[in-house]
Engineer: 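Questions regarding the structure given below will be posed in turn.
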Amino acid sequence: MRAAVLHRTGDKTLEVKELATTSFGPGRVRVKVHKAGLCRSDLSAMNGVFPHPAPFVPGHEGAGEVVECGEGVTHVKPGDRVIICWMPPCDECPACKAGDSHLCRSGYANLAKPGFQDGETILPGMFGAGTFAEETVIAGYAAIPVPNDVPYEIAALMGCGVTTGIGAALNTAKVRPGSSVVVIGLGGVGISIVQGAKVAGAARIVAVDPTANRRELALKFGATDAVAAEDLDPVKQRLTSGFGFDYAFEAVGRPVTFRAAYDAARPGGTVCLVGVGARTEAPELSMLKMVSSEKKILPSFYGGGDVRRTFGTIIDLWRAGRIDLDSMITHHVPLADVNEAVRQMETGEALRTVIDI
Ligand code: APR
Ligand code: ZN
């Protein structure tokens with residue numbers, strides 16, 4: 001079978017080549033990948049912003065069909081349609097037992113588990129998933145079944161960006177009806193936050209991005225206002241008399257945008273950090289200001305809740321036409337052209353590129 005390989009951290013291009021899968025066995029499943037999405041975190045793992053062992057097979061958004069179940073896997077069977085989940089709930093570790101299955105300890109342990117073999121070399125799939133491949137072997141509980149009316153490409157997007165964004169709005173920040181919201185960064189994650197805030201009944205959704213076409217898109221997905229970063233302060237003055245927004249979301253992953261979100265939130269409001277920055281980067285905040293303004297800083301990881309429940313919510317909203325996931329897919333490429341998907345993300349021309357496998 002064929003897969004895309006990043007040979008060295010920092011390499012710009014992936015090589016699509018013949019590989020074998022490995023480590024199939026008890027508790028694991030083999031999935032034929034049908035659709036994968038390219039997410040910003042793939043680039044972060046490729047360029048070293050996130051530490052990830054290389055070589056590896058990128059791709060952590062994906063959906064496909066179960067082809068083989070290892071011993072003990074009973075919740076799915078061959079032929080089932082599944083989302084390949086990169087932070088799956090094992091239901092047995094302390095995090096799962098504490099009700100925070102999106103922080104699953106076994107999921108963490110799975111992140112760099114080998115899934116592929118290239119001659120003598122054993123290599124992992126990104127975050128234990130490795131969806132830029134015709135076939136991947138994952139932990140059994142990482143294969144989350146979805147109904148057959150959910151197209152593979154929609155299921156693929158739910159594997160990361162959409163769940164991260166909608167979950168941040170609904171599960172973590174719990175946006176209230178009638179509230180005012182600002183979303184900084186309008187990629188797949190930020191646009192999903194906009195959609196989540198709309199579903200929650202926010203009265204104002206201000207979308208912020210330096211790119212004009214992203215701002216235009218955000219208006220189509222439910223934002224009421226869209227501005228460039230330098231116009232955020234004047235908008236805060238105009239809309240809130242300078243007091244600030246009830247909720248401010250950061251969906252870029254940089255200290256400067258976190259700071260912008262912090263400053264945009266009203267005293268007593270919520271600052272929801274969704275973007276993932278580099279390990280060494282940290283925002284600077286005043287101890288005095290943090291306490292005296294009582295802004296609640298709520299980081300949100302992978303949708304901030306049990307993914308099975310969030311997937312179900314997203315499917316219901318999508319079926320009812322209350323969120324638009326189809327229009328988030330702006331481009332398609334075949335696996336052989338995966339480097340074109342990387343280019344489309346780097347130039348910002350694609351909101352989400354789906355890789356047809
Ligand atoms: N202010 C506002 N927006 C910005 C700024 C800025 N200073 N700098 C960049 N952006 C915008 C980009 O123009 C782009 O539209 O942030 C957006 C990021 O979108 P994508 O690159 O598509 O990233 P996405 O997949 O949405 O992920 C966003 O969430 O999961 C994490 O690792 C991921 O940190 C990343 C973040
Ligand atoms: Zn992702």
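Computed from heavy atoms alone, side chains included, the values below leave out hydrogens, waters and symmetry copies. First listed ligand is number 1; within each ligand, the first listed atom is number 1.
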Engineer: Looking at every non-hydrogen atom in both residues, tell me the closest pair between Ala155 and Val146 and how far apart they are.
Structural biologist: CB-CG2, 4.2 Å
Engineer: May I ask you to identify, for Arg40, whether its side chain, its backbone, both or neither come under 4.0 Å of ligand 1 on a heavy-atom basis?
Structural biologist: both
Engineer: For ligand 1, is any non-hydrogen atom under 4.0 Å from Glu230's backbone (N, CA, C, O), its side chain (CB onward), both, or neither?
Structural biologist: neither
Engineer: Using a plain distance cutoff, I'd like to know if Leu351 has any nitrogen or oxygen under 3.5 Å from a nitrogen or oxygen of ligand 1.
Structural biologist: no
Engineer: Does the cation-pi check pass for Arg204 over Phe245, that is, NZ or CZ under 6.0 Å from the six-membered ring centre and within 45° of its axis?
Structural biologist: no
Engineer: Is the terminal nitrogen or CZ of Arg30 (NZ for Lys, CZ for Arg) located under 6.0 angstrom from the six-membered ring centre of Phe24 and within 45° of that ring's axis?
Structural biologist: yes
Engineer: Decide whether Tyr302 and Asn171 meet the rule of one side-chain donor and one side-chain acceptor closer than 3.5 Å.
Structural biologist: no
Engineer: Taking N or O atoms only and a 3.5 Å limit, does Ser44 qualify as a polar contact for ligand 1?
Structural biologist: no
Engineer: I'd like to check which ligand 1 atoms, numbered from 1 as shown, lie under 4.0 Å from a non-hydrogen atom of Thr211.
Structural biologist: 13 (O)
Engineer: Any salt bridge between Arg352 and Glu61, counting N to O under 4.0 Å?
Structural biologist: yes
Engineer: Would you say Val252 has any N or O atom under 3.5 Å from an N or O of ligand 1, going by distance alone?
Structural biologist: yes
Engineer: Using distance alone, decide if ligand 1 has a nitrogen or oxygen within less than 3.5 Å of any nitrogen or oxygen in Met345.
Structural biologist: no
